[in-house]
Amino acid sequence: MKPFLFLLFPVIAFAEPSSLIEATKGKFEMGVGINDRIPEMKEEWPLLKKHFHLITPENCMKPDAIQRKKGVFNFKRADAFVSFAGEQGYGVVGHTLVWAKDDRTPAWFYLDDEGKPLNRDKLLARMKLHIDTVVGRYKGKIAMWDVVNEALHDGEEFLRPSGWTKACGEDFIAKAFEYAHAADPKALLIYNDYNNELSKKRAKMDRLIRSLKAKKVPIHAIGLQGHYTIDRIPFEELEATLKWAQSLDMQVVVSELDIDMIPRGRWWADGNIHREEMAKINPYPDGCPPELLKKQAEQYAQLFEIFNRYSDSIARISFWNLHDGHSWLNDFPWKRVNHPLLFDRERNEKPAYHAVIQALQKTGN
Ligand code: 9MR
């Protein structure tokens, strides 16, 4: 062997994996929630193809998008999304069948033709029709569904009060899973929520999952959305939740991962009095400062070290949006230039990307 080849060898042996897909092989699947119009956004395809093999439509499969008016199903965008995935070889995550929040469910869902609340049986019949129609249409094309989204209460109660709980109590959750399973017995069925790694909400999730399992309801995985904020990531709680899931033999999916660089918690505090002042906050319009990018990289690495250790029970990790320019956190809850993901607006790899790749190379469990 020529001496210079000999010198190259160690470099090749320790070269960084060239993509998220390569770095996570054998551990978990890599996914991303993306703009519904991805079939038309050719400029985004190369980045998507390189790093992800599962895609979640950001909005077009939500109840409000599919059946805004009673009985009028609109599958235009969802069909285009699923065809795109099929042609390009992506798996699809369906999101979401029942969004247990009244402001995210079309009001007609709960009401009869005279505007009076439906009784339990009629409301469940409506739910069944919606689930049968949507899951049935994509049977064999969508391998996993967020069946119920965000049903747990943020405060002291067990479930978030809604038209669903009013008519059916907690039973609507079991029914949603039963209907989804009947419509596609092969699909992986997920309960998805935010902040559910925090102990208070985890306790509620524990109650919910135990009760569903006791009733033999076909629930297969827990979705931890993973919408985090810089310097406030609950690493210990996350690990405790992954341990808890193992103890119940439940699979986990990290369904909507990102790290907000402009904390928004105060937006909802103190009776919303901070909103006017906060709506002016836009500290990084021309780019995220290097020291913050470094911090973000360290915190993403810490997250992935944890995920790595629990890779046996984590089926998938999906980011929420492809790159910083597409993030929902540029618009919600106020307009600002945010930097929450692994790729910047020019689709370049950020320090966080390399930190994640390195964290994944550490030995897992
Ligand atoms: O990113 C989504 C944004 O474009 C929508 O306006 C919003 C309301 O439908 O939903 C956002 O996605 C949410 C997801 O569906 C459920 N978990 C929280 C996500 C961020 O709000």
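Counting starts at 1 for both ligands and their atoms, in listed order. This one's a predicted model, so the numbers in the text were calculated from it and none came from an experiment. All values below were derived from every heavy atom in this structure, side-chain atoms included, with hydrogens, water molecules and symmetry-related copies excluded.
Looking only at distances, no side-chain donor or acceptor of Trp164 sits under 3.5 Å from a matching main-chain atom of Glu170. Distance alone, capped at 3.5 Å, is enough to place a donor-acceptor pair between the His227 side chain and the Glu256 backbone.
Proximity of Tyr194 to ligand 1 is not established, as no heavy-atom distance is less than 4.0 Å. Not close to ligand 1: Phe332, with no non-hydrogen atom less than 4.0 angstrom away.
Counting protein heavy atoms only, atom 17 (N) of ligand 1 is closest to Glu256 OE1, 2.7 Å. Here the heavy atom of the protein found nearest to atom 2 (C) of ligand 1 is Glu58 OE2, 3.4 Å. Nearest protein heavy-atom neighbour of atom 14 (C) of ligand 1: His95 NE2, 3.4 Å. Of the protein's heavy atoms, Trp320 NE1, 3.3 Å lies nearest to atom 12 (O) of ligand 1. Summary of contacts: the protein heavy atom closest to atom 10 (O) of ligand 1 is Lys62 NZ, 2.8 Å.
With a heavy-atom cut-off of 4.0 Å, Asn321 does not touch ligand 1 at all.
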Subject >> Steps toward ring-ring contact (aromatic ring centres under 6.0 Å, His included) verdict (His51, Tyr353) >> reply: CA-CA 11 Å; His51 296 288; Tyr353 169 79; 5.2 Å; yes
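In summary, the atoms of ligand 1 found under 4.0 Å from a heavy atom of Asn149, numbered by their order in the structure, are 16 (C). When each atom of ligand 1 is checked for a heavy atom of Glu150 under 4.0 Å away, the hits are 16 (C), 17 (N), 18 (C). Near His227, meaning under 4.0 Å from any of its heavy atoms, are these atoms of ligand 1: 18 (C), 19 (C).
At a threshold of 4.0 Å, the pair Glu156-Lys204 does not count as salt-bridged, since none of the basic side-chain nitrogens sits closer than that to a carboxylate oxygen.
For atom 5 (C) of ligand 1, the nearest non-hydrogen atom from the set Asp331, Thr56, Asn59 belongs to Asn59.
For Asn338 and Arg264, the side-chain atoms include no donor-acceptor pair closer than 3.5 Å.
Using bins of under 30°, 30° to 60° and over 60° for the plane-to-plane angle, the ring pair His323/His326 lands in the tilted bin.
With Phe172 as the aromatic partner, Lys166 does not meet the cation-pi criteria of under 6.0 angstrom to the ring centre and within 45 degrees of the ring axis. Cation-pi geometry between Arg126 and Phe109 is not met: the NZ or CZ atom fails to fall both under 6.0 Å from the ring centre and inside 45° of the normal.
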